[in-house]
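Right, one structure below, let's go through it.
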Amino acid sequence: MAHLVVAYPKVSMRDDEWLSSLKQRFPGLDPSSLGPHFTLVFPIADADEAELIEHVRETVQGQRAIPFAIRCALPINDYASEEYYVLLVPDEGFSGIVKLHDRLYTGPLAPLLYPDIPFTPHITVGHAPDGQLCRRVADELNAEDFTIAGILDRVDLIEKEGDSIRTVERFMLG
(Lines give C-alpha, C1' and ligand atoms only; values in the text may rest on other atoms or scores of the structure.)
Protein backbone atom coordinates (compact mmCIF):
# COMPACT_ATOMS: atom_id res chain seq x y z
CA MET A 1 0.00 0.00 0.00
CA ALA A 2 1.20 3.50 -0.83
CA HIS A 3 -0.06 7.04 -0.43
CA LEU A 4 0.15 9.65 -3.20
CA VAL A 5 -0.98 13.22 -3.66
CA VAL A 6 -2.59 13.82 -7.04
CA ALA A 7 -4.54 16.54 -8.80
CA TYR A 8 -7.24 15.43 -11.20
CA PRO A 9 -7.61 18.06 -13.92
CA LYS A 10 -10.94 19.72 -14.58
CA VAL A 11 -11.22 19.91 -18.37
CA SER A 12 -13.98 20.22 -20.95
CA MET A 13 -16.01 17.12 -21.83
CA ARG A 14 -14.34 17.08 -25.26
CA ASP A 15 -10.85 17.15 -23.74
CA ASP A 16 -11.82 14.51 -21.18
CA GLU A 17 -13.03 12.24 -24.00
CA TRP A 18 -9.80 12.87 -25.93
CA LEU A 19 -7.69 11.97 -22.88
CA SER A 20 -9.78 8.85 -22.25
CA SER A 21 -9.44 7.78 -25.90
CA LEU A 22 -5.66 7.56 -25.62
CA LYS A 23 -5.89 4.15 -23.89
CA GLN A 24 -7.59 2.65 -26.94
CA ARG A 25 -5.50 4.53 -29.50
CA PHE A 26 -2.17 3.25 -28.20
CA PRO A 27 -2.68 -0.36 -27.04
CA GLY A 28 1.09 -0.99 -26.87
CA LEU A 29 1.30 1.37 -23.90
CA ASP A 30 0.26 0.46 -20.38
CA PRO A 31 -1.96 3.33 -19.16
CA SER A 32 -2.14 4.73 -15.64
CA SER A 33 -4.68 2.97 -13.43
CA LEU A 34 -5.71 6.33 -11.94
CA GLY A 35 -6.98 8.02 -15.06
CA PRO A 36 -5.71 11.45 -16.14
CA HIS A 37 -3.96 13.19 -13.24
CA PHE A 38 -0.91 15.16 -12.17
CA THR A 39 1.11 13.38 -9.48
CA LEU A 40 2.32 15.90 -6.90
CA VAL A 41 3.71 13.47 -4.32
CA PHE A 42 4.90 10.12 -5.61
CA PRO A 43 4.09 6.83 -3.82
CA ILE A 44 5.03 6.74 -0.16
CA ALA A 45 5.01 3.37 1.59
CA ASP A 46 4.32 3.06 5.30
CA ALA A 47 3.30 6.70 5.78
CA ASP A 48 1.54 8.03 8.85
CA GLU A 49 -1.82 8.87 7.27
CA ALA A 50 -2.84 11.44 9.91
CA GLU A 51 0.49 13.24 9.53
CA LEU A 52 0.12 13.25 5.73
CA ILE A 53 -3.41 14.66 5.93
CA GLU A 54 -2.28 17.48 8.21
CA HIS A 55 0.78 18.27 6.09
CA VAL A 56 -1.18 18.43 2.84
CA ARG A 57 -3.93 20.50 4.49
CA GLU A 58 -1.42 23.04 5.82
CA THR A 59 0.52 23.13 2.56
CA VAL A 60 -2.45 23.77 0.26
CA GLN A 61 -4.19 26.22 2.61
CA GLY A 62 -4.53 29.45 0.64
CA GLN A 63 -3.31 27.81 -2.59
CA ARG A 64 -5.07 29.21 -5.61
CA ALA A 65 -6.44 26.95 -8.30
CA ILE A 66 -3.92 26.45 -11.11
CA PRO A 67 -5.05 26.97 -14.70
CA PHE A 68 -3.03 25.01 -17.25
CA ALA A 69 -2.77 24.28 -20.96
CA ILE A 70 -1.07 21.24 -22.46
CA ARG A 71 0.11 21.33 -26.07
CA CYS A 72 2.99 18.86 -26.05
CA ALA A 73 3.69 15.16 -25.60
CA LEU A 74 7.13 14.16 -24.39
CA PRO A 75 8.76 10.70 -24.39
CA ILE A 76 11.06 10.10 -21.43
CA ASN A 77 13.19 7.30 -20.01
CA ASP A 78 12.26 6.57 -16.39
CA TYR A 79 15.20 7.00 -14.02
CA ALA A 80 14.03 4.25 -11.69
CA SER A 81 13.14 1.48 -14.15
CA GLU A 82 13.69 0.18 -17.67
CA GLU A 83 10.42 1.76 -18.79
CA TYR A 84 9.82 4.67 -21.14
CA TYR A 85 6.86 7.01 -20.70
CA VAL A 86 4.79 9.30 -22.87
CA LEU A 87 3.86 12.42 -20.92
CA LEU A 88 1.54 15.31 -21.66
CA VAL A 89 3.41 18.34 -20.32
CA PRO A 90 1.80 21.72 -19.65
CA ASP A 91 3.41 24.86 -21.01
CA GLU A 92 0.92 27.08 -19.17
CA GLY A 93 0.64 26.34 -15.47
CA PHE A 94 4.00 24.57 -15.41
CA SER A 95 5.54 26.83 -12.74
CA GLY A 96 2.44 26.78 -10.52
CA ILE A 97 2.39 22.99 -10.48
CA VAL A 98 6.15 22.78 -9.82
CA LYS A 99 5.88 25.24 -6.93
CA LEU A 100 3.00 23.28 -5.36
CA HIS A 101 4.98 20.03 -5.74
CA ASP A 102 8.02 21.65 -4.12
CA ARG A 103 5.98 22.97 -1.17
CA LEU A 104 4.46 19.52 -0.61
CA TYR A 105 7.95 18.05 -0.38
CA THR A 106 8.78 20.06 2.76
CA GLY A 107 8.41 19.16 6.43
CA PRO A 108 7.81 15.43 6.90
CA LEU A 109 8.14 14.78 3.15
CA ALA A 110 11.46 16.62 2.71
CA PRO A 111 13.60 13.47 3.15
CA LEU A 112 11.65 11.76 0.35
CA LEU A 113 12.52 14.29 -2.35
CA TYR A 114 15.17 13.09 -4.80
CA PRO A 115 17.09 16.28 -5.68
CA ASP A 116 18.87 14.57 -8.58
CA ILE A 117 15.59 13.74 -10.36
CA PRO A 118 13.90 16.79 -11.86
CA PHE A 119 10.14 17.10 -11.46
CA THR A 120 8.23 17.57 -14.71
CA PRO A 121 4.51 18.18 -14.22
CA HIS A 122 2.62 15.82 -16.50
CA ILE A 123 -0.33 13.61 -17.26
CA THR A 124 0.89 10.14 -18.22
CA VAL A 125 -0.39 8.76 -21.52
CA GLY A 126 1.25 5.39 -20.83
CA HIS A 127 4.50 3.47 -20.56
CA ALA A 128 6.32 0.60 -22.23
CA PRO A 129 9.80 -0.93 -22.30
CA ASP A 130 10.06 0.15 -25.96
CA GLY A 131 11.55 3.63 -26.23
CA GLN A 132 10.95 3.79 -29.97
CA LEU A 133 7.25 3.09 -29.48
CA CYS A 134 7.02 5.91 -26.94
CA ARG A 135 8.85 8.25 -29.35
CA ARG A 136 6.38 7.35 -32.16
CA VAL A 137 3.37 7.92 -29.89
CA ALA A 138 4.69 11.32 -28.77
CA ASP A 139 5.41 12.29 -32.38
CA GLU A 140 1.92 11.24 -33.47
CA LEU A 141 0.29 13.24 -30.67
CA ASN A 142 2.44 16.30 -31.36
CA ALA A 143 1.46 16.16 -35.05
CA GLU A 144 -2.16 16.72 -33.94
CA ASP A 145 -1.49 20.27 -32.69
CA PHE A 146 -3.76 19.66 -29.67
CA THR A 147 -4.55 21.86 -26.67
CA ILE A 148 -5.92 20.49 -23.40
CA ALA A 149 -6.92 23.46 -21.25
CA GLY A 150 -8.19 23.13 -17.72
CA ILE A 151 -7.73 23.91 -14.08
CA LEU A 152 -6.43 22.12 -11.02
CA ASP A 153 -8.93 23.08 -8.33
CA ARG A 154 -8.43 20.24 -5.87
CA VAL A 155 -5.72 17.97 -4.52
CA ASP A 156 -6.44 14.42 -3.39
CA LEU A 157 -4.50 12.34 -0.93
CA ILE A 158 -5.07 8.80 -2.13
CA GLU A 159 -4.15 5.32 -1.01
CA LYS A 160 -3.24 2.83 -3.73
CA GLU A 161 -2.78 -0.90 -3.44
CA GLY A 162 -2.46 -2.65 -6.78
CA ASP A 163 -5.36 -1.32 -8.86
CA SER A 164 -7.40 -0.46 -5.75
CA ILE A 165 -7.60 3.28 -5.11
CA ARG A 166 -9.15 5.05 -2.12
CA THR A 167 -9.45 8.79 -1.71
CA VAL A 168 -8.31 9.49 1.84
CA GLU A 169 -9.00 13.23 1.79
CA ARG A 170 -9.80 15.90 -0.79
CA PHE A 171 -8.49 19.45 -0.45
CA MET A 172 -10.12 22.21 -2.50
CA LEU A 173 -7.94 24.97 -3.92
CA GLY A 174 -9.21 28.56 -3.95
Pair up each side-chain donor or acceptor in residues 37-49 with any protein partner under 3.5 Å, not counting sequence neighbours, and list the distances.
{"from": "His37", "atom 1": "ND1", "to": "Gly35", "atom 2": "O", "distance (Å)": "2.7"}
{"from": "His37", "atom 1": "NE2", "to": "Thr39", "atom 2": "OG1", "distance (Å)": "3.1"}
{"from": "Asp48", "atom 1": "OD1", "to": "Ala50", "atom 2": "N", "distance (Å)": "3.1"}
{"from": "Asp48", "atom 1": "OD1", "to": "Glu51", "atom 2": "N", "distance (Å)": "3.0"}
{"from": "Glu49", "atom 1": "OE1", "to": "His3", "atom 2": "NE2", "distance (Å)": "2.8"}
{"from": "Glu49", "atom 1": "OE1", "to": "Arg166", "atom 2": "NH2", "distance (Å)": "3.0"}

- Message: Please enumerate all residues that pass side chain to side chain contact (heavy atoms under 4.5 Å, CB included) together with Asp16, with sequence neighbours excluded.
- Response: Val11, Ser20
- How long is the gap from CD1 on Ile76 to OH on Tyr84, to the nearest 0.5 Å? 10.5 Å
- Query: Ala128 and Leu29: which non-hydrogen atoms are nearest, and at how many Å?
  - Reply: CB-CD2, 3.9 Å
- Task: With rounding to the nearest 0.5 Å, note down the distance linking OG1 in Thr106 to CD in Glu58.
- Result: 9.5 Å
- State, to 0.1 Å, how close Pro121 and Val89 come at their nearest heavy-atom pair, and which atoms those are. O-CG1, 3.7 Å
- Message: Could you tell me if the side chain of Phe26 sits less than 4.5 Å from the side chain of Glu140, heavy atoms only?
- Response: yes
- Message: Can you confirm whether Leu22 sits close enough to Leu141 that some side-chain heavy atom of one is under 4.5 Å from a side-chain heavy atom of the other?
- Response: yes
- Item | CZ/Phe146: more than 12 non-hydrogen atoms of other groups inside 6.0 Å | yes
- Note on the structure: The complete set of side-chain hydrogen bond (donor to acceptor under 3.5 Å, both in side chains) pairs with one or both residues in residues 85-103, sequence neighbours excluded, reads Gln63-Arg103, Arg71-Asp91, Arg71-Glu92
- Item | Validation row: Val56, Gln61 side chains within 4.5 angstrom (heavy atoms) | no
- Message: Quick one, Val137 and Pro75 - any side-chain contact, counting heavy atoms below 4.5 Å?
- Response: no
- Message: Check this for me: Met172, atom CE, are more than 12 non-hydrogen atoms of other residues, nucleotides or ligands nearer than 6.0 Å?
- Response: yes
- Task: Could you grab the distance from atom OG of Ser12 to atom CD of Glu17, nearest 0.5 Å is fine?
- Result: 8.5 Å
- Message: Taking Glu169's backbone N and O only, do any of them form a donor-acceptor pair with Thr167's side chain (distance below 3.5 Å, no angle check)?
- Response: no
- Roughly how far apart are Cys134 SG and Glu83 CD, rounded to 0.5 Å? 8.0 Å
- Does Leu112 belong to the same Ile/Leu/Val/Met/Phe/Trp/Tyr cluster as Val98, with side-chain heavy atoms less than 4.5 Å apart forming each link? yes
- Item | Side chain proximity check, Asn142 to Cys72, heavy atoms < 4.5 angstrom | yes
- Message: Give me the atom names and distance for the closest heavy-atom approach of Leu34 to Tyr8.
- Response: O-CE2, 3.6 Å
- Query: Hey, does the side chain of His55 reach the backbone of Ile53 with a donor-acceptor pair shorter than 3.5 angstrom?
  - Reply: no
- Hey, are Arg57 and Glu54 close enough for a salt bridge, meaning a charged N less than 4.0 Å from a carboxylate O? yes
- Item | side chain to side chain contact (heavy atoms under 4.5 Å, CB included) between Val155 and Leu100, intermediate numbers included | CA-CA 10 Å; Val155 171; Leu100 177 55; 4.2 Å; yes
- Do the charged groups of Glu144 and Arg25 touch, with an N to O distance under 4.0 Å? yes
- Query: How far does CZ of Phe119 sit from CZ of Phe94, to the nearest 0.5 angstrom?
  - Reply: 8.0 Å
- Message: Which heavy atom of Ile148 sits nearest to which heavy atom of Phe68, and what is that distance?
- Response: O-CE1, 3.9 Å
- Query: Within a strict 4.5 Å, meaning less than it, do heavy atoms of the Ile151 and Ile66 side chains meet?
  - Reply: no
- Note on the structure: For Ala73 and Val86, the nearest pair of non-hydrogen atoms, with its separation, is CB-CG1, 4.4 Å
- Query: Does atom CD of Gln24 have more than 12 heavy-atom neighbours, drawn from other residues, nucleotides or ligands, at distances under 6.0 Å?
  - Reply: yes
- Query: Is there a side-chain contact between Leu152 and Lys10 (heavy atoms, below 4.5 Å)?
  - Reply: no
- Message: Taking Phe171 as the starting point, is it possible to reach Leu4 by hopping between hydrophobic residues whose side chains are less than 4.5 Å apart?
- Response: no
- Derivation of the side chain to side chain contact (heavy atoms under 4.5 Å, CB included) call for Val6 and Ile158: CA-CA 7 Å; Val6 300; Ile158 63 171; 4.2 Å; yes
- Message: Please evaluate residues Glu159 and Met1 with respect to the criterion side chain to side chain contact (heavy atoms under 4.5 Å, CB included), reporting the C-alpha separation (whole Å), side-chain torsions for both, the decisive distance (0.1 Å), and the verdict.
- Response: CA-CA 7 Å; Glu159 178 184 87; Met1 169 183 63; 2.8 Å; yes
- Item | Joint cluster assignment, Leu87 & Leu19, ILVMFWY side-chain distance < 4.5 Å | yes
- Message: I need the Thr120 OG1 to Leu74 CG distance, nearest 0.5 Å.
- Response: 7.0 Å
- Looking at Leu104 and Leu109, what are the two nearest heavy atoms and their distance? O-CD1, 3.2 Å
